Amino acid sequence: GQFENGFRLAKYTKMIFSVFWEIQQAHDATTFQQIPMQYFTLFVEYLLREYGVEGLNRHEFSSDDIRTAIVMTGYESTLSE
């Protein structure tokens, strides 16, 4: 599998948090806001299911893939509250 071949989600940490920050800024955040665990885990689940082995079987994720996965969790609705 991909894990055995060296794939690690940690490789995308900077990109993931950059995209979360861009989304927060689009909702007028001036400092990085904590990401509720339920949205982070939904994001990871969506990203891996949609783009990983069970889905499109991509070996790399783009910032667009990450943005789509974040949006699909409903996370943005928490920023309007």
Side-chain angles (χ1 to χ4, degrees):
Q2 288 187 2
F3 185 81
E4 292 84 8
N5 293 332
F7 175 83
R8 300 292 183 273
L9 196 55
K11 170 182 173 182
Y12 296 93
T13 302
K14 237 181 186 173
M15 186 186 300
I16 291 167
F17 285 98
S18 290
V19 175
F20 268 105
W21 174 228
E22 289 169 13
I23 291 170
Q24 290 176 4
Q25 287 177 307
H27 289 272
D28 300 323
T30 56
T31 59
F32 189 83
Q33 305 295 306
Q34 208 170 22
I35 302 162
M37 185 58 72
Q38 75 185 73
Y39 292 100
F40 192 79
T41 56
L42 283 171
F43 153 74
V44 170
E45 180 180 9
Y46 183 90
L47 185 72
L48 295 178
R49 284 184 189 262
E50 202 62 30
Y51 301 112
V53 176
E54 296 177 16
L56 296 174
N57 199 21
R58 292 202 183 142
H59 298 284
E60 298 287 328
F61 298 130
S62 70
S63 59
D64 286 340
D65 297 336
I66 290 169
R67 182 177 309 282
T68 299
I70 293 169
V71 168
M72 293 304 292
T73 68
Y75 170 70
E76 287 183 288
S77 67
T78 69
L79 300 173
S80 304
E81 297 173 352

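In this chain, residues are counted from 1 in sequence order. Remember, predicted model here, so these are calculated numbers, not experimental data.
Residues satisfying the side-chain hydrogen bond (donor to acceptor under 3.5 Å, both in side chains) criterion with Y75, sequence neighbours excluded, are Q24. Under the rule for a side-chain contact (heavy atoms from CB on, under 4.5 Å), the partners of E76 that lie at least two apart in sequence or sit in another chain are I23, H27, V71. Under the ring pair (Phe, Tyr, Trp, His ring centres under 6.0 Å) criterion, Y51 pairs with no residue at all, not counting sequence neighbours. Annotation: side-chain hydrogen bond (donor to acceptor under 3.5 Å, both in side chains) contacts of E22 (sequence neighbours excluded): R67. With sequence neighbours excluded, the residues forming a side-chain hydrogen bond (donor to acceptor under 3.5 Å, both in side chains) with T31 are Q33, listed by chain and number. Not counting sequence neighbours, S63 has no partner by the side-chain hydrogen bond (donor to acceptor under 3.5 Å, both in side chains) test. For E45, the salt bridge (charged side-chain N to carboxylate O under 4.0 Å, His left out) partners two or more places apart in sequence, or in a different chain, are R49. When the side-chain contact (heavy atoms from CB on, under 4.5 Å) test is applied to T41, the partners found at least two apart in sequence or on another chain are M37. With sequence neighbours excluded, the residues forming a side-chain contact (heavy atoms from CB on, under 4.5 Å) with E60 are K11, Y12, listed by chain and number. Not counting sequence neighbours, the partners of F43 by the ring pair (Phe, Tyr, Trp, His ring centres under 6.0 Å) test are F20, F40.
Between atom CG of residue L56 and atom CZ of residue F61 there is a gap of 10.0 Å, rounded to the nearest 0.5 Å. Within the model, atoms CD1 of I35 and CD1 of I70 stand 7.0 Å from one another, a figure rounded to the nearest 0.5 Å.
One hydrophobic cluster, built from ILVMFWY side chains closer than 4.5 Å, cannot hold both L42 and L79; they sit in different ones.
In this structure, the side chains of L9 and L47 come closer than 4.5 Å at one or more pairs of heavy atoms.
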Intermediate values then yes/no, side-chain contact (heavy atoms from CB on, under 4.5 Å), F17 and I66: CA-CA 10 Å; F17 285 98; I66 290 169; over 6 Å; no
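Listed by first and then second residue, the salt bridge (Lys or Arg N to Asp or Glu O under 4.0 Å) pairs that reach into residues 27-43 come to none, sequence neighbours excluded.
Of the N and O atoms on the side chains of D65 and T68, not one donor lies less than 3.5 Å from an acceptor on the other residue.
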